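Below, chains carry the letters A, B, ... as their sequence lines are ordered, and counting in each starts from 1. Side chains are part of it too, since the values below use all heavy atoms of this structure and drop only hydrogens, waters and symmetry mates. No experiment lies behind these values; they were computed from the predicted model shown.
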Protein chains: 2
Amino acid sequence: MTSLFHYFKKYNSLSKEAEKAIAEICKVIAIKKNHELQSIGHTCKTIYFLKKGVARIYYFKEDIDITESFSFENNMVVRFESLFTGRPSKKAIQVLEDSELIAINSSELFKLYDKHHDIESLFRKIFEAALVDTVNRVESIQFHTAEERYNSLIKEAPDVLKRVPLKYIASYLGITPVSLSRIRGQK
Amino acid sequence: MTSLFHYFKKYNSLSKEAEKAIAEICKVIAIKKNHELQSIGHTCKTIYFLKKGVARIYYFKEDIDITESFSFENNMVVRFESLFTGRPSKKAIQVLEDSELIAINSSELFKLYDKHHDIESLFRKIFEAALVDTVNRVESIQFHTAEERYNSLIKEAPDVLKRVPLKYIASYLGITPVSLSRIRGQK
DNA sequence: GAAAACACTTTACATATGATAAGAAATTAC
DNA sequence: GTAATTTCTTATCATATGTAAAGTGTTTTC
């Protein structure tokens with residue numbers, strides 16, 4: 001739980017009561033490598049925090065498995081488009097190593113917003129940061145070549161190569177494994 | 001001002017005092033076609049609402065003008081990555097028709113969050129919706145062909161063709177004007 | 001309303017990525 | 001530890017998009 005509150009501190013400080021209230025709606029869970037945390041068609045009602053391990057959000061486009069994002073230690077894993085619309089997600093969350101997560105029940109969390117103004121501010125800021133990241137990702141996908149994106153990925157998250165199969169990295173970059181292999185082969 | 005509060009109502013209801021407080025930090029401005037609302041290097045401290053007209057956010061990649069997004073009537077225009085980081089933006093906002101906007105001073109707005117809980121909730125929800133839109137845009141850019149993206153653009157915003165030069169639409173779709181012309185020519 | 005500037009299309013050629021298939025390397029299962 | 005499975009690379013060919021340049025059409029300017 002310490003790691004979660006340490007993560008929160010980067011965004012907003014919380015009163016003791018607020019921390020207690022959050023702790024009460026959290027569960028620690030362990031999942032084995034390659035298992036699914038949440039599946040396609042399920043409506044997201046949980047905000048996950050990765051204590052240990054790697055996760056990816058993925059979906060299928062015409063039978064092809066496509067990775068939308070990776071998450072590493074000390075970060076959130078959330079399918080925002082389902083969490084904030086209340087609609088079933090077309091995406092699933094899978095864990096790529098034996099992992100430990102903290103699961104925060106989002107309906108309970110949102111109920112805390114009125115009582116604990118600092119909790120609402122905290123998550124507002126977390127989601128604002130997620131918006132900034134996502135805007136930057138649009139820029140990176142739209143206007144950089146696959147090679148540029150590959151290079152910045154391994155710069156920003158060097159251990160992704162050791163921890164994530166290349167086929168997932170390829171679809172995350174928007175290319176086929178064959179194409180990624182070519183890019184890697186050039187050097 | 002009515003149009004702005006009508007827009008707000010879709011997300012969260014506001015007390016009379018909150019509406020008054022927001023009205024006090026708003027300015028209505030008019031801008032002529034093709035003029036810049038905010039320029040590259042400027043740090044975003046204003047949230048714009050388009051009453052009338054069309055706007056785009058754009059930047060340069062190696063001397064090439066690239067459109068990141070369009071906004072039409074009754075929507076926000078914000079460079080989130082600057083607003084939420086406090087860093088100068090690499091992007092500019094330009095108006096593509098004679099336009100009228102409501103400018104909300106963001107520093108003043110953020111100060112209102114503590115006094116008016118309903119204002120914080122309102123903007124939290126607005127930005128959560130923006131996050132959902134941006135996540136969906138990532139999906140659309142990454143995993144659909146230019147032709148698919150062109151078709152869904154004209155389906156979702158049919159008058160974009162009448163109101164926006166094709167060269168801007170092309171870069172928004174992530175392709176050159178030549179390529180867009182080819183796609184359009186096929187039919 | 002003529003000249004200039006800008007926007008759009010078309011053509012020809014170059015290049016990056018995709019699809020498919022086959023083989024090599026690594027991992028997993030028993 | 002061997003076989004089976006999965007992952008990654010390489011090769012070939014097809015296709016979509018990029019670049020450059022020329023031509024046509026439309027707007028703007030005075």
Side-chain angles (χ1 to χ4, degrees), chain A residues 31-36 53-54 56 58 60-67 70 94-99 140-154 158-187, chain B residues 31-36 53-54 56 58 60-67 70 94-99 139-154 159-187:
Chain A
I31 305 227
K32 287 278 173 199
K33 179 169 180 173
N34 290 334
H35 284 216
E36 271 193 0
V54 192
R56 69 178 186 119
Y58 71 100
F60 289 94
K61 189 197 171 187
E62 290 151 16
D63 287 6
I64 296 175
D65 174 322
I66 290 175
T67 295
F70 298 110
Q94 181 192 33
V95 136
L96 302 178
E97 294 174 353
D98 293 359
S99 299
S140 116
I141 305 174
Q142 188 165 20
F143 305 115
H144 292 91
T145 63
E147 185 170 355
E148 287 168 337
R149 276 175 276 142
Y150 175 71
N151 288 330
S152 52
L153 175 68
I154 57 180
D159 53 343
V160 75
L161 286 179
K162 288 172 212 148
R163 303 174 73 182
V164 176
L166 287 175
K167 60 176 181 172
Y168 297 149
I169 295 177
S171 72
Y172 173 78
L173 295 173
I175 56 179
T176 59
V178 176
S179 226
L180 177 56
S181 192
R182 266 191 292 240
I183 288 168
R184 286 161 51 79
Q186 282 170 18
K187 320 202 163 177
Chain B
I31 304 226
K32 288 279 174 198
K33 180 169 178 172
N34 290 335
H35 284 216
E36 270 193 1
V54 192
R56 70 177 185 120
Y58 72 100
F60 289 94
K61 191 199 171 186
E62 289 151 18
D63 287 5
I64 296 174
D65 173 323
I66 290 175
T67 296
F70 298 112
Q94 182 193 30
V95 135
L96 302 178
E97 296 174 353
D98 293 359
S99 299
E139 186 187 321
S140 116
I141 306 173
Q142 187 164 21
F143 306 115
H144 293 91
T145 63
E147 185 171 354
E148 287 168 337
R149 276 176 277 142
Y150 174 72
N151 288 330
S152 52
L153 176 67
I154 56 179
D159 53 342
V160 75
L161 286 179
K162 289 172 209 147
R163 302 175 72 183
V164 176
L166 287 174
K167 60 177 179 172
Y168 297 150
I169 295 177
S171 73
Y172 173 78
L173 295 173
I175 56 179
T176 60
V178 176
S179 227
L180 178 56
S181 192
R182 267 192 290 240
I183 287 168
R184 285 160 52 79
Q186 282 170 20
K187 318 202 165 173

Exercise for the section: Assign each of B:Ile175 and B:Lys33 to its nearest nucleotide of DNA chain D by heavy atoms, then name whichever residue's nucleotide is nearer the 5' end. Expected result: B:Ile175
Handout entry: 4.5 Å side-chain heavy-atom contact, A:Arg184 and A:Ile154
Key = no
Practice task
Have a look at B:Ser181 and say if it touches a base, only the backbone sugar-phosphate, or nothing, with a 4.0 Å heavy-atom cut-off.
Solution key: base
Handout entry: Contact under 4.0 Å: B:Arg182 side-chain N or O vs D:dA16 OP1/OP2
Key = no
Problem - Partner of B:Asp65 by side-chain hydrogen bond (donor to acceptor under 3.5 Å, both in side chains), out of B:Lys167, B:Arg56, B:Gln94 - result: B:Arg56
Exercise for the section: Figure out the NZ/P separation between B:Lys167 and C:dC8, and round it to whole Å. Expected result: 7 Å
Practice task
Would you mind reading off the distance between A:His144 atom NE2 and C:dA16 atom P, rounded to a whole angstrom?
Solution key: 17 Å
Practice task
Return the value, rounded to whole Å, for the distance between atom CD1 of A:Ile183 and atom P of C:dG18.
Solution key: 8 Å
Exercise for the section: Could you state the atom-to-atom distance from CG of B:Asp65 to P of C:dA7 in whole Å? Expected result: 10 Å
Exercise for the section: Return the value, rounded to whole Å, for the distance between atom CD of B:Glu97 and atom P of D:dT28. Expected result: 12 Å
Completion exercise
Rounded to whole Å, the OH-P distance (B:Tyr150 to D:dA16) equals 18 Å
Exercise for the section: Can you tell me the distance, in whole Å, between the CG atom of A:Asn34 and the P atom of D:dT7? Expected result: 8 Å
Practice task
Specify the separation, in whole Å, of atom OH of B:Tyr168 and atom C1' of C:dC6.
Solution key: 10 Å
Handout entry: Nearest to side-chain heavy atoms of A:Pro165, which nucleotide of D:dC8, C:dT17, C:dA21
Key = D:dC8
